[in-house]
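Labels below follow one simple rule: chain letters A, B, ... track the order of the sequence lines, proteins then strands, and each chain is numbered from 1.
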There are 2 protein chains.
Amino acid sequence: MKQLKIKQQTLNGSNPGELCVMATGGGAFKFYDKIREALGVDVLREDEMECLIIGLDFFITEIPREVFTYSEMDPMHFEEPRSDIYPYLLVNIGSGVSMIKVSGPREFQRVGGTSLGGGTLWGLLSLLTGARTFDEMLANAERGDNAKVDMLVGDIYGTDYGKIGLKSSTIASSFGKVFRMKREAEREAEDTGGLTNDDSGSLPPPTSSLKPLAPPNISSEASEPEPEPEPSPSSFNAEDISRSLLYAISNNIGQIAYLQSEKHNLSTIYFGGSFIRGHRQTINTLSYAIKFWSDGAKKAYFLRHEGFLGAVGAFLKRQPRNWGRRGSLEELGSEQMEKV
Amino acid sequence: MKQLKIKQQTLNGSNPGELCVMATGGGAFKFYDKIREALGVDVLREDEMECLIIGLDFFITEIPREVFTYSEMDPMHFEEPRSDIYPYLLVNIGSGVSMIKVSGPREFQRVGGTSLGGGTLWGLLSLLTGARTFDEMLANAERGDNAKVDMLVGDIYGTDYGKIGLKSSTIASSFGKVFRMKREAEREAEDTGGLTNDDSGSLPPPTSSLKPLAPPNISSEASEPEPEPEPSPSSFNAEDISRSLLYAISNNIGQIAYLQSEKHNLSTIYFGGSFIRGHRQTINTLSYAIKFWSDGAKKAYFLRHEGFLGAVGAFLKRQPRNWGRRGSLEELGSEQMEKV
């Protein structure tokens with residue numbers, strides 16, 4: 001940073017006092033003192049949501065081959081940059097999820113969100129699968145089969161539940177197969193004495209199994225003999241678990257985003273944030289959710305630089321007057337238009 | 001069952017051929033042949049949703065001290081039975097969640113739902129905590145502190161994010177603290193050689209840590225020195241995990257239910273199904289979610305016999321003509337009213 005400071009002074013002749021770091025997000029406030037001290041330059045803290053929106057507006061209106069929709073046939077269908085962008089819904093997926101209604105330049109409102117976001121996926125998968133990086137988790141999900149852990153409509157009905165429009169492949173309950181299968185294996189282990197030498201501490205002592213009460217709505221199934229052999233719990237592998245949870249989180253965000261867009265009459269939904277990472281399964285699931293819930297009336301839009309909205313927005317808030325061909329901030333707009 | 005068959009013939013003089021079992025839910029279809037064979041009586045399969053609604057209508061209109069709302073001050077505030085009940089939203093929470101718009105007697109449509117339901121909670125908690133029964137899971141949740149695993153707004157900002165109306169105690173990311181804390185502990189263990197003798201297989205070999213890539217939106221925090229000591233991963237205990245997941249699932253259902261009620265102009269929202277089980281935390285969270293999202297305009301209604309809607313509905317579909325004081329099914333209504 002100090003080298004950069006010297007370089008900057010040499011190269012572009014800015015006033016040294018003007019060198020600063022634009023910072024946004026929670027860390028900009030929480031770590032303000034530490035950043036200032038460590039870098040030895042001024043730190044300007046900018047509002048996270050405002051920066052997100054400024055960044056997004058810039059990407060949507062100015063950058064070609066940036067905004068795209070997804071379909072199996074055409075996984076990256078680019079949209080032309082456009083100027084009539086308002087109003088729209090921005091769904092920003094980081095550790096948590098914020099949904100922001102944007103009505104005009106710097107005119108926005110957080111209308112909702114969900115705590116089930118990237119942090120939930122990373123946290124649960126790091127506990128369940130031992131994966132250490134998000135990329136590892138996504139690679140696992142890529143190879144997994146969620147039907148091994150999810151209860152599908154077909155698992156419950158043996159067929160579609162056509163009367164209310166549910167296909168047999170629809171996920172009825174995420175992780176819905178796990179509890180019963182795990183309990184069955186444990187009971188079996190108890191019957192064969194498999195637990196008598198268990199001292200790992202990972203399971204409660206066998207005495208607690210005196211009350212093997214299954215949740216009521218599945219107990220009727222569990223107490224009936226099984227019509228077909230189920231896979232054993234050892235088949236709960238990291239890949240299947242990762243796929244199931246990625247689907248669950250993405251589907252859920254997609255549904256809530258759709259419902260919020262309905263409530264606020266927003267026909268365009270952009271997805272941004274570091275959760276997506278250009279990962280095909282994630283983009284596919286979010287796209288599918290919007291298409292499914294809107295009966296094909298709405299589309300999910302993605303950005304190639306989804307993880308950088310806030311950073312670019314913070315930079316743009318302080319862009320040097322002589323930077324770039326066009327102004328992307330409204331107060332610079334008219335002024336610069338005259339020059340062009 | 002055979003004894004019951006004989007008893008029934010002796011006692012109420014029904015035509016023996018009329019003795020039957022009313023069955024509903026997925027199992028009624030999937031296990032039809034097995035049930036018939038095992039019980040030796042006729043099995044009448046009834047549509048799950050229809051039975052649910054018939055049961056609920058009966059409970060709402062006929063049974064005193066059945067429907068209640070929740071508040072901290074008055075945890076079980078009973079509503080009077082009422083006759084003008086339509087339209088309403090029924091949120092039925094079993095392994096998965098169905099949301100059903102009910103416009104009149106037997107007039108209903110499944111408008112949505114979520115795969116994040118009871119099955120998800122039971123499945124994930126059985127993997128994460130070793131709990132064997134739903135009651136055990138709820139008891140764990142009762143004692144837990146979700147702030148140990150959830151990332152709160154205050155953890156990110158150090159304070160409220162007032163500008164967009166988020167309190168510091170709001171959950172920003174469910175399980176949002178887990179990933180970072182687990183990674184930090186692992187890195188520490190690697191630094192001190194703690195992993196060199198590890199052969200449990202539960203963690204990948206240390207070589208994979210050559211790329212210790214944290215998800216981008218939290219990496220900036222992770223690479224900064226911590227301002228305050230964080231609890232160690234050993235503090236991820238079953239109680240905290242259970243509480244966090246119970247909150248996450250219940251909050252999420254509450255939000256989606258609210259949004260669906262908005263979309264379909266339904267001011268009354270009933271919660272039913274075996275997930276709730278009269279558990280205070282669950283009822284509290286669902287109530288809070290509806291109040292929070294509707295700005296106090298809507299209330300969540302619960303039922304004392306929430307787990308029996310479908311069973312009672314199936315029974316009512318076939319009630320003997322001479323049963324009860326009043327007809328609760330619309331086609332019996334006028335006929336029986338004359339007798340009363």
Next item on the list: Measure distances from B:Tyr258 to the heavy atoms of chain A and classify the residue's part below 4.5 Å as side chain, backbone, both or neither.
Entry: side chain
Next item on the list: Against chain B, work out which of A:Gly118, A:Ser115, A:Gly123 has the most heavy-atom pairs shorter than 4.5 Å and name it.
Entry: A:Ser115
Margin query: Please identify, among B:Leu116, B:Val97, B:Thr114, the residue contributing the most non-hydrogen atom pairs under 4.5 Å to chain A.
Written below: B:Leu116
Checklist line | Closest-packed option against chain A by number of heavy-atom pairs under 4.5 Å, given B:Asn252, B:Ile171, B:Ile241 | finding: B:Asn252
Check: Side-chain contact, heavy-atom cut-off 4.5 Å: B:Ser126 with B:Met137?
Finding: yes
Check: Picking from A:Gly307, A:Gly112, A:Gly119, which has the most non-hydrogen pairs under 4.5 angstrom with chain B?
Finding: A:Gly119
Check: Who pairs with A:Glu262 by salt bridge (Lys or Arg N to Asp or Glu O under 4.0 Å), at least two apart in sequence or on another chain?
Finding: A:Lys298, B:Lys263
Item checked: ring pair (Phe, Tyr, Trp, His ring centres under 6.0 Å) partners for A:His264, two or more places apart -> none
Notebook entry, point to check: For B:Leu125, is it the side chain, the backbone, both, or neither that has a heavy atom closer than 4.5 Å to a heavy atom of chain A?
Noted result: neither
Note to self: Do A:Tyr32 and A:Val43 make a side-chain contact, defined as non-hydrogen atoms from C-beta onward lying under 4.5 Å apart?
What the structure shows: yes
Margin query: Could you tell me if B:Asn92 and B:Ser98 have a donor-acceptor pair between their side chains, going purely by distance under 3.5 Å?
Written below: no
